[in-house]
Amino acid sequence: MGLRDRPSDACRSGMVEVNGVRVFAGRLGPEEQTALVEDLCAVVARAPMFAPVTRFGKRMSVAMTSAGKYGWYSDTRGYRYEPRHPSGVPWPPIPERLLALWHEVTGLERQPDSCLINLYRKGARMGLHQDRDEADFRWPVLSVSLGDDALFRVGTTARGGPTRSVWLRSGDVAVIGGPARLAYHGIDRIRFGSSRLLPFGGRLNITLRVVD
Ligand code: MD3
Ligand code: FE
């Protein structure tokens, strides 16, 4: 790990910016986090988690589901947004608490179309990728981390460019907008068992997105 790649971990409240990604460390308190987990459990009860296959045919180590008008889906035909869960049911509505957070943090009137919920169990990771399945990259993405700490890595819009790493912890909120919207990013590892928020351990990441 080079000097430029040392993860920042010192500041646990206030805002840190990592390659254009704004991280609001400790934005959500313990009660808000617990309430969000309950909201998410209700979503998962209607739209169970599944582990998609990438377009290269490899199963992802991250399990996921969605809420809202669209959910993210992948198989060997490619990455896309779908109006229904693979079971055929429509995705449940996005929890009100998350919509309120979206409006507060982004200041936008526009509602997000999709709420992607990623579940990282022990050993799960997400390789460096760009998020480009949405129609208009001028809209920001909002991310909420819950549960175990995650080592998040963000680079530039060029594959193979320099990267910076930061630990995302439970209650952290990140806003990805501007040039960072098309930055390569991923989750290198989870500190499994570092948080007691989730009864079975692991990490949930929520992303709110405008898709249309
Ligand atoms: C930077 N999720 O779902 S969230 C994803 O923690 C995803 O589960 C990660 O990457 C996770 O696609 C990272 C923070 C995030 C989300 C979207 C971004 C960072 C981003 C889009 C562009 C650049
Ligand atoms: Fe992503």
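Start at 1 and go down the list; that is how both ligands and their atoms are numbered.
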Q. Starting from atom 2 (N) of ligand 1, which protein heavy atom do you reach first, and at what distance in Å?
A. Asn118 ND2, 3.6 Å

Q: Select one of side chain, backbone, both or neither to describe which atoms of Arg125 lie under 4.0 Å from any atom of ligand 1, heavy atoms only.
A: neither

Cut-off 3.5 Å, no hydrogens considered: what does the side-chain donor-acceptor table look like for residues 20-32, sequence neighbours left out?
| unit_1 | atom_1 | unit_2 | atom_2 | d |
| --- | --- | --- | --- | --- |
| Arg27 | NH2 | Glu104 | OE1 | 2.8 |
| Glu32 | OE1 | Gly29 | N | 3.2 |

(Q) Heavy-atom pairs closer than 4.0 Å: do any link ligand 1 to the side chain of Ala180, the backbone, both, or neither? (A) backbone

Q. When you measure from the centre of the six-membered ring of Tyr120, is the NZ or CZ of Arg203 under 6.0 Å away and within 45° of the axis?
A. yes

Q.
Show the atoms of ligand 1 that are less than 4.0 angstrom away from any heavy atom in Arg203.
A. 6 (O), 8 (O), 11 (C)

Q) Could you go step by step and tell me if Thr163 and Tyr184 meet the side chain to side chain contact (heavy atoms under 4.5 Å, CB included) rule? A) CA-CA 9 Å; Thr163 63; Tyr184 277 88; over 6 Å; no

Q) Closest non-hydrogen protein atom to atom 7 (C) of ligand 1, residue and atom name please, with distance? A) Met126 SD, 3.6 Å

Q: Do me a favour and list the nearest non-hydrogen protein atom to atom 22 (C) of ligand 1 with residue, atom name and distance?
A: Arg181 O, 3.2 Å

Q: Taking only heavy atoms of Ala183 into account, list the atoms of ligand 1 that are under 4.0 Å away from them.
A: 23 (C)

Q: Look at the side-chain heavy atoms of Ile, Leu, Val, Met, Phe, Trp and Tyr, link any pair under 4.5 Å apart, and say whether Val37 and Leu99 land in one connected group.
A: yes

Q) Does at least one non-hydrogen atom of Ala174 fall below 4.0 angstrom from an atom of ligand 1? A) no

Q: Calculate the angle formed at the Fe ion (ligand 2) by NE2 in His129 and OD1 in Asp131; 10° precision is enough.
A: 80°

Q. Charged N to carboxylate O under 4.0 angstrom, Asp113 versus Arg110?
A. yes

Q. Should you measure from each heavy atom of Val141, which atoms of ligand 1 turn up under 4.0 Å away?
A. 17 (C)

Q: May I ask you to check if Arg84 and Trp91 form a cation-pi contact, with NZ or CZ under 6.0 angstrom from the six-membered ring centre and within 45° of the axis?
A: no

(Q) Below 30° counts as parallel, above 60° as perpendicular, anything between as tilted: where do the rings of Phe50 and Tyr73 land? (A) tilted

**Q.** Protein contact to atom 9 (C) of ligand 1 [nearest heavy atom, distance to 0.1 Å]
**A.** Tyr120 OH, 3.7 Å

Q.
At less than 4.0 angstrom from any non-hydrogen atom of Leu116, what atoms of ligand 1 do you find?
A. 3 (O)

Q: Could you tell me the residue and atom name of the protein heavy atom closest to atom 17 (C) of ligand 1, and the distance to it rounded to 0.1 Å?
A: Asp131 OD2, 3.5 Å

Q. Ligand 1 and His129, any nitrogen or oxygen pair closer than 3.5 angstrom?
A. yes

**Q.** Atoms of ligand 1 close to Ser143 [distance to a heavy atom under 4.0 angstrom, numbered from 1]
**A.** 4 (S), 14 (C)

Q: Indicate, as side chain, backbone, both or neither, the part of Val62 found under 4.0 angstrom from ligand 1 when only non-hydrogen atoms are considered.
A: neither

Q | CG on Leu197 to OG on Ser170, rounded to 0.5 Å | A | 4.5 Å

Q: Could you check Arg181 against Glu134 for salt bridge (Lys or Arg N to Asp or Glu O under 4.0 Å), going step by step and ending with a plain yes or no?
A: CA-CA 11 Å; Arg181 178 65 182 76; Glu134 303 78 21; 2.7 Å; yes

Q.
Could you identify the single nearest non-hydrogen protein atom to atom 15 (C) of ligand 1 and state the distance to 0.1 Å?
A. Ile176 CD1, 3.5 Å

Q. In terms of residue, atom name and distance, what is the protein heavy atom nearest to atom 13 (C) of ligand 1?
A. Phe152 CE1, 3.9 Å

Q: Considering only non-hydrogen protein atoms, determine which one is nearest to atom 5 (C) of ligand 1 and report residue, atom name and distance to 0.1 Å.
A: Arg209 NH2, 3.4 Å

Q: Give me the ring orientation class for His185 and Phe152: parallel if the planes are under 30° apart, tilted from 30 to 60°, perpendicular past 60°.
A: tilted

Q) For ligand 1, is any non-hydrogen atom under 4.0 Å from Gln130's backbone (N, CA, C, O), its side chain (CB onward), both, or neither? A) neither

Q) Can we say Asp188 and Arg153 salt-bridge, meaning some charged N sits less than 4.0 Å from an Asp/Glu carboxylate O? A) yes

**Q.** Check: Trp167 main-chain N/O paired with Asp149 side-chain donor or acceptor under 3.5 Å
**A.** no

